[in-house]
Structure formats: structure tokens, C-alpha cells
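Following: one structure in C-alpha cells, then a few remarks.
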Amino acid sequence: MAATALTGSPPSQPSLTHPPPPPRKLTTVKALSESPGLSSIPSIYTFLKQPYHEPVSDTEEPIPTIDFSLLTSSLPDERGYSLVTSHGVPERMMKAIIEACREFLELPEEEKRGISGKHVLDPIRFGTSFNESVDEILCWRDYVKIFQHPEFHSPNKPPSFREIALEYSKRVRLVAREIIRGISESLGLEKDYIYETLNPENGLQLIAANLYPPCPQPELAMGLPPHSDHGLLTLLIQNQIGGLQVQHKGKWVNIDPIPNSFLANIGDHIEILSNGKYKSVLHRAVVNNRDVRISIAVPHGPALDAIFSPDSKLVENVGNPPAYGAMKYKEYLEFQQGTMLNGKSFLERIRNRV
């Protein structure tokens, strides 16, 4: 019988971690973009043309939309991403968290570095690219990641950040819980089965704020390369500057910002738990040469010590063997966030460990 998500020690298995190389000293992309007379990007930011660069499509299919006030069962067609409307989070609050994160990311670099940790599980971590200590090609992106739950953390600047983030993260956590309940029912489980199984009082939630400055050669750079998210569900908002693309039917689809809505992305651990019935969504961030884009992603995961594998009820009900091996969520998070982004490569490693 396949293991489900539990707390405790994981089964004995080879370690996938390795010591990181010493960090490089890098400036922020914001500072680089503001360099006088910048007309081309340094070679370290130039992505060689890859198959995933093309093609791009403005899909004729509508993006699945969840009217949160009417949510009773499932995400439409299990595509992996949906727009969430009527969710109850005030638009003014969504604008306030974007502005608070923008103010932090525009602080002098020495102030941001002074409060930042280095490890992926440090409660506040500021940086550039994705993982600047290991990335061979740097992403055109600065970020701050701040743990919100089970313990709340906040930088001291800007002064309004703590109050805004505390209320925003609470409201968004309620939205995520209801969507996860809908996913649970769509899998033939009780509404609260997934949520309660995953020890929600200790479940991980963080704010990941991204700043993508104008780039003089956007066709050569990448804000974030293709990847899927760890955890169960990510709820994302952005300012009114496009740049998010998701992969659908082999093409990259532009996701234009829609005011007062969340983009809900299924994470790797829903794919694992559902034994592949739900697929985590592959997405990327592209940049432009005119405007600053800001996005705020709020991933929701289980407790760090939860061991994840396909849920035994789903394997029994469907009659197919588990497609993914068991791994502690903390180990998955440390490895995925501690290496270079490469699509869903780490999820495939879990698949191959069965």
C-alpha cells in the first residue's frame, strides 16, 4: 500500500543534496537596469535559445475560472491553473501588498542584504536570479521570500509591511484551504481529507515577491525559466504588466493580468498526492524593455516534516500502482530551491524512485 502524507522520519534513501559552491557577489538586477547608458545585457544574463522559447500563443481557449463564491467541487478540467474570482480578498489589500513588496525591493541593497538569510529555509531571504550561488545563467529578477506560516516573519522596512502582510497572508490562506477542499472532493475524497491529513496548523506558507526591471534585450533574457512550484497550491497576483506564461498543449500561453483575481497554480505535491491525476503547471516569466513587472506568489505546502507519496486511498481506488516515491517535504524543498531551475526535472526524479 502506498504511503500517504504523514509526519515523522522518512524511509531510508540516498541523499540527493550536495554542498553548494561559495556564493558569488552580485549586484541586483534593479541596480544593473538603472546603469547609465545600458543598451545590452552582460553575457551572464544571456540565455541560449532553447526549444522552450517558442512558440507563444494567445490561446483561443478561455482560462478556466473559479467563482470562489460558488466553489463546490473541483478546478475546471484539471488543467493545473485557473483564475479565481469573487474570493473575498479586498482589491485594496491586493494592491497594498504589491506596493509594500515594491517598497522593500527598492530599498538600498545594503539594507536588504543586512536582513537576509542564505539558506532556503531562512525566514527572510533576499536575492537576485533564482539561486545566485549556483545559477550558470542569471535570471533578470530580484526577489524576497518571507515565511508567513506556521511562524510569521516580516522585515522592519517599510514600516507598513508587517500589518499588510499579516492580514493578507491570513486571507489568502483561507482561499487556498477552500480550493484544496475542492480538489479533495474532485478526487473522490472527503472535503477536508487532504487539508487535515497534511497537518494544516504546521503547513508552510510564504510570500515570494518578484521584481522584473526593464531589460534592454528582453529577447535574450529570462525572468524565470520554465518550472513548476513546490507544495500544494500557489496563489499569484501581479501588477498590470504582463510577463507570466504557462505551458498548455505544447505552447506557451500569455496570462494577462486581470484585476482583483488570483492565478491558482497546482503544485508538485498535489501531483504526487493525486498520483498524477492533477498535474503541476509548468510556467515561466518573460521580461520587457519598458516597464517594471511585480508579481506576488504565495505558495502553500504541508508541514516541513510531512512525508509525501501518492495517497493510499487514491492508489487503492484507481487500482494503479504509485507513480512517485516517498520524500519528506523539507528535503524536496531544499533541493528544488537550492539548485538551478530546470522544468519539472526534480519531480521526474521522484517519479523514477518508485
Side-chain angles (χ1 to χ4, degrees), residues 20-58 98 101-113 116 118 125-145 208-228 236 238-247 251-257 282-297 336-343 345:
R24 295 171 287 184
K25 183 171 177 58
L26 299 170
T27 187
T28 63
V29 175
K30 179 180 181 296
L32 176 61
S33 70
E34 294 172 350
S35 302
L38 183 70
S39 60
S40 61
I41 62 175
S43 60
I44 191 66
Y45 291 93
T46 301
F47 279 74
L48 297 177
K49 194 171 183 64
Q50 300 287 342
Y52 59 64
H53 278 79
E54 299 292 348
V56 176
S57 171
D58 290 309
I98 290 175
C101 290
R102 182 193 65 78
E103 289 182 22
F104 175 86
L105 289 164
E106 290 182 349
L107 289 171
E109 186 170 349
E110 58 271 15
E111 293 189 39
K112 292 178 286 193
R113 295 285 185 188
S116 179
K118 301 298 181 184
R125 187 161 59 99
F126 163 76
T128 190
S129 190
F130 174 71
N131 186 331
E132 58 195 89
S133 64
V134 299
D135 289 342
E136 295 177 357
I137 305 296
L138 300 180
C139 303
W140 198 262
R141 169 234 197 190
D142 298 331
Y143 68 86
V144 61
K145 297 182 179 181
N210 308 294
L211 184 145
Y212 304 97
C215 177
Q217 295 177 295
E219 72 281 1
L220 300 180
M222 186 68 69
L224 277 176
H227 66 285
S228 57
L236 181 139
Q238 51 193 325
N239 64 354
Q240 295 305 297
I241 305 300
L244 176 66
Q245 298 175 342
V246 301
Q247 193 173 75
K251 292 185 177 182
W252 289 104
V253 178
N254 294 311
I255 305 296
D256 295 326
L282 200 63
H283 55 289
R284 68 183 185 183
V286 296
V287 295
N288 68 82
N289 60 4
R290 302 172 306 280
D291 302 305
V292 174
R293 177 172 177 261
I294 295 175
S295 68
I296 313 292
Q336 192 230 33
Q337 295 288 297
T339 56
M340 293 181 290
L341 284 183
N342 183 20
S345 60

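Along the sequence shown, residues carry numbers from 1.
- Judged as a side chain to side chain donor-acceptor pair (under 3.5 Å), and not counting sequence neighbours, Gln336 has no contacts.
- By the side chain to side chain contact (heavy atoms under 4.5 Å, CB included) test, Ser35 pairs with Leu32, Leu38, sequence neighbours left out.
- What you find for Ala297 and Leu236 is that their closest heavy atoms are CB-CD1, 4.0 Å.
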Candidate pair Asn131 and Met340, rule side-chain contact (heavy atoms from CB on, under 4.5 Å), full reasoning: CA-CA 7 Å; Asn131 186 331; Met340 293 181 290; over 6 Å; no
side-chain contact (heavy atoms from CB on, under 4.5 Å) between Arg125 and Gln337, intermediate numbers included: CA-CA 12 Å; Arg125 187 161 59 99; Gln337 295 288 297; 4.1 Å; yes
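- Legend: salt bridge (charged side-chain N to carboxylate O under 4.0 Å, His left out) pairs involving residues 37-47, not counting sequence neighbours: none detected.
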side-chain contact (heavy atoms from CB on, under 4.5 Å) between Leu224 and Tyr212, worked out: CA-CA 10 Å; Leu224 277 176; Tyr212 304 97; 3.6 Å; yes
side-chain contact (heavy atoms from CB on, under 4.5 Å) between Gln245 and Val286, intermediate numbers included: CA-CA 8 Å; Gln245 298 175 342; Val286 296; 3.7 Å; yes
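- In terms of the side chain to side chain contact (heavy atoms under 4.5 Å, CB included) criterion, residue partners of Thr46 (sequence neighbours excluded) are, by chain and number, Ile41, Leu220.
- The closest donor-acceptor contact from the side chain of Asp135 to the backbone of Phe130 lies under 3.5 Å.
- Residues forming a side chain to side chain donor-acceptor pair (under 3.5 Å) with Glu103 (at least two apart in sequence, or on another chain): none.
- Taking Val246 as the reference, Tyr81, Val253, Ile255, Val281, His283 meet the side chain to side chain contact (heavy atoms under 4.5 Å, CB included) condition, with sequence neighbours excluded.
- Under the 6.0 Å cut-off for aromatic ring centres, Trp140 and Tyr45 qualify, their centroids lying closer than that.
- Partners of Asp291 by side chain to side chain contact (heavy atoms under 4.5 Å, CB included), not counting sequence neighbours, listed by chain and number: Ile241, Asn288.
- For the side chain to side chain donor-acceptor pair (under 3.5 Å) test, residues two or more places apart in sequence or in another chain that qualify with Glu111 are Lys157.
- The minimum heavy-atom distance between Pro218 and Val287, with the atom names listed, is CB-O, 3.3 Å.
- Checking side-chain atoms of Ser129 against main-chain N and O of Cys139 turns up a donor-acceptor pair under 3.5 Å.
- Taking Asp142 as the reference, Thr128 meet the side chain to side chain donor-acceptor pair (under 3.5 Å) condition, with sequence neighbours excluded.
- In this structure, Ile98 CD1 and Asn239 CG are separated by 6.0 Å, a value rounded to the nearest 0.5 Å.
- Separation of atoms CZ (Arg284) and CG (Leu244) is listed at 10.5 Å; rounding is to 0.5 Å.
- Using bins of under 30°, 30° to 60° and over 60° for the plane-to-plane angle, the ring pair Phe104/Phe126 lands in the perpendicular bin.
- With rounding to the nearest 0.5 angstrom, the NZ atom of Lys112 is 9.0 Å from the CD atom of Glu110.
- One finds the NE2 atom of His227 at 6.0 Å from the CG atom of Leu341 (value rounded to the nearest 0.5 Å).
- Residues meeting the salt bridge (Lys or Arg N to Asp or Glu O under 4.0 Å) test with Lys30, sequence neighbours left out: Glu34.
- We find the CD1-OG distance between Ile137 and Ser43 to be 7.5 Å, quoted to the nearest 0.5 Å.
- Taking SG of Cys215 as the start and CE of Met222 as the end, the distance is 11.0 Å to the nearest 0.5 Å.
- With Asn289 contributing its side chain and Pro214 its backbone, the two residues share no donor-acceptor pair below 3.5 Å.
- Here the side chains of Asn210 and Ile294 are not in contact, with every heavy-atom distance at 4.5 Å or above.
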